[in-house]
Student: 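Sending over a structure as structure tokens; questions will come in a sec.
These values consider heavy atoms only, across backbone and side chains, with no hydrogens, waters or symmetry-generated copies. Read the numbers this way: they start at 1 and go in the same order the structure lists the ligands and their atoms. Sequence positions, counted from 1, serve as the residue numbers for this chain.
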Amino acid sequence: MSAFEHPSFDEHEYVLFATDPETQLKALIAVHSTARGPATGGCRLWKYPDSTAAMEDVLRLSKGMSYKNAMADLPLGGGKSVIMRPEGDWDRDALFQAFGRAIEALNGLYITAEDVGVSPDDMMNIHKETDYVVGLPEGEAASGDPSPLTAEGVFKGIGVCVKHAYGRDDLEGVRVAVQGVGHVGEYTCGHLHKAGAELIITDVNEEALERVSSKYGAKVVKPDAIYDQDVDVFAPCALGGVVNPDTIDRLKGKVVAGAANNVLATPDMGEALRKRGILYAPDYVINAGGIINVAGEVKGAYDLNWVRGKLETLAETVAEVIRRSESEDRPTNQVADDMAREILAAAAAKKKG
Ligand code: NAD
């Protein structure tokens, strides 16, 4: 397995393997950048076919966290960890405690949090061994469920995009297609409804659909029909890769802005959207409310006012990405990546002194 030659290797500061035969722990921890603070990002538990696949994921995701944290103006660097799900019988509590010991050994270089396949209980097991963990469900500093804050950021970001694309300051009567009404999607619908938007929703979970539809008077459509709706905004709040060659020509509105990660199937979809006159809010900029929320824990006592202030910054950053995209005649996803790299380079230079 290659590391330095790996296509996703981006001069990561550290890439570490953590093993504990007794608990079957096999984990990779990637510290992409500590230029702006301790490398922070979630821990993913996944059934990887081999360590090469785990390496690919951890390199890519940790770089993404550096960009996301930098664009959200958080005093954090970027990192991520992946645990290769053991085969056969294994003790979940013991595995996460062993992982906690590995993090403790890094002495604050990396701070972990929840990600795919990992639960609040797992976080508490990690916390038994280390304080370098955020997103805790209980305790003095606990920030709790990040979804409401993610939704608040997404709602603000949609407002910025609508102002830009349609020249209006409010969302009264604006038609929004929301794909996925899970944790973030449902809260986002709540904000949009309160602001007077008309909602069209879809999900594969009938129960969630019924609940959100009756609460907010939303029209329900089948999952695949969401791309064809005559709306002003498409808000992906479920899966990644939903803007792709099969869907892009079906989108009707002038805005794509939602909570989902990796909305663009490939980076060139950013330019394809721009060419069609569709404004795209880069996913890791608009959906940073969750990491902003847990960053409240890193600071010590959780402070909702600080978190809300950062959500205002998030909205301003979305606006700045749009301004630059227009003045430089380039897609928003490229502009956001460049802005993030500039912020990281400046922080690295300052750190070196
Ligand atoms: P969730 O699992 O609670 O909700 C996702 C919803 O999408 C579910 O209701 C699911 O049934 C639905 N769904 C799945 N497949 C679908 C399909 N084909 N068509 C329509 N709906 C489908 O997850 P969440 O926490 O609400 O996160 C939603 C997205 O936002 C994810 O991409 C996640 O990575 C991203 N995100 C979440 C947070 C957060 O704070 N939770 C923060 C940043 C980014």
Student: What do we get for T150 next to ligand 1 when only non-hydrogen atoms under 4.0 Å count, side chain, backbone, both or neither?
Tutor: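 Only the side chain of T150 comes within reach of ligand 1.
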Student: Is it the case that the side chains of Q179 and Y227 hold a donor-acceptor pair, with the cut-off being a distance below 3.5 Å and no angle test?
Tutor: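 Q179 and Y227 do have a side-chain donor-acceptor pair below 3.5 Å.
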Student: Give me the ring orientation class for F4 and F9: parallel if the planes are under 30° apart, tilted from 30 to 60°, perpendicular past 60°.
Tutor: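 Judged by the thresholds at 30° and 60°, the geometry between F4 and F9 is perpendicular.
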Student: With atoms numbered from 1 as shown, which atoms in ligand 1 lie under 4.0 angstrom from a non-hydrogen atom of P146?
Tutor: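 Listed by number with element: 40 (O).
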Student: After noting the C-alpha distance and the side-chain angles of E56 and T52, does the key distance pass the side chain to side chain contact (heavy atoms under 4.5 Å, CB included) rule?
Tutor: CA-CA 6 Å; E56 165 70 30; T52 306; 6.0 Å; no
Student: State whether any protein heavy atom lies less than 4.0 Å from atom 13 (N) of ligand 1.
Tutor: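 Yes, there is a protein heavy atom closer to it than 4.0 Å.
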Student: S147 heavy atoms, cut-off 4.0 Å: which ligand 1 atoms fall inside?
Tutor: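 Within the 4.0 Å cut-off of S147, ligand 1 contributes 40 (O), 41 (N).
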Student: Judged on heavy-atom distance to atom 7 (O) of ligand 1, which of P236, A238, P148, P223 sits nearest?
Tutor: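 It is A238 whose heavy atom sits nearest to atom 7 (O) of ligand 1.
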Student: Do me a favour and list the nearest non-hydrogen protein atom to atom 18 (N) of ligand 1 with residue, atom name and distance?
Tutor: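 The closest one turns out to be L239 CD1, 3.4 Å.
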Student: Of all the non-hydrogen atoms in the protein, which one sits nearest to atom 34 (O) of ligand 1, and at what distance?
Tutor: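 It is N261 ND2, 2.9 Å.
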Student: Give the residue, atom name and distance (to 0.1 Å) of the protein heavy atom nearest atom 44 (C) of ligand 1.
Tutor: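 It is A259 O, 3.4 Å.
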Student: Short list, please: which atoms of ligand 1 are under 4.0 Å from a heavy atom of N205?
Tutor: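 Those atoms are 11 (O).
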Student: Give a yes-or-no answer on whether the side chains of N261 and D283 include a donor-acceptor pair shorter than 3.5 Å.
Tutor: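 No, D283 and N261 have no side-chain donor paired with an acceptor closer than 3.5 Å.
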Student: Considering both backbone and side-chain atoms of D203, is one of its nitrogen or oxygen atoms within less than 3.5 Å of a nitrogen or oxygen in ligand 1?
Tutor: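 N/O-N/O distance under 3.5 Å: yes.
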Student: Report the part of C237 in contact with ligand 1, treating N, CA, C, O as backbone and CB onward as side chain, heavy atoms under 4.0 Å; options are side chain, backbone, both, neither.
Tutor: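 It is the backbone that touches ligand 1; the side chain stays farther off.
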Student: If you measure from the Lys or Arg side-chain nitrogens to the Asp or Glu carboxylate oxygens, is any gap between E198 and K219 under 4.0 Å?
Tutor: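 No salt bridge links E198 with K219.
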Student: Looking only at the side chains, is there a donor atom on one of S66 and H32 sitting less than 3.5 Å from an acceptor on the other?
Tutor: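 A pair is found: one side chain offers a donor N or O, the other an acceptor, under 3.5 Å apart.
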Student: Is a side-chain N or O of N333 found less than 3.5 angstrom from the main chain of P267, in a donor-acceptor match?
Tutor: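 The answer is yes, because a donor-acceptor pair under 3.5 Å joins these two groups.
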Student: Considering only protein heavy atoms, which is closest to atom 25 (O) of ligand 1, and at what distance to one decimal place?
Tutor: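 That would be H183 CB, 3.7 Å.
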Student: Among all protein non-hydrogen atoms, which one is nearest to atom 4 (O) of ligand 1, and what is the separation to 0.1 Å?
Tutor: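 Result for atom 4 (O) of ligand 1: G182 CA, 3.3 Å.
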Student: In terms of residue, atom name and distance, what is the protein heavy atom nearest to atom 43 (C) of ligand 1?
Tutor: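 Of every protein heavy atom, N287 O, 3.5 Å lies nearest to atom 43 (C) of ligand 1.
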Student: So, D121 and S119: side-chain donor and acceptor under 3.5 Å apart, yes or no?
Tutor: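 No, no side-chain donor-acceptor pair sits under 3.5 Å.
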Student: Mind listing the closest non-hydrogen atom pair of D73 and K310 along with its distance?
Tutor: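 Looking at all heavy atoms of both residues, the shortest contact is O-NZ, 2.8 Å.
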Student: Distance to 0.1 Å, residue and atom name: give those for the protein heavy atom nearest to atom 26 (O) of ligand 1.
Tutor: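 The protein heavy atom lying closest is V184 N, 2.8 Å.
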Student: Side chain, backbone, both or neither: which part of I291 comes within less than 4.0 Å of ligand 1 when only heavy atoms are counted?
Tutor: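 Looking at I291 and ligand 1, no heavy atom falls under 4.0 Å.
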Student: To the nearest 0.5 Å, what is the distance between OG on S62 and CD1 on I29?
Tutor: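 Here the interatomic distance stands at 11.5 Å.
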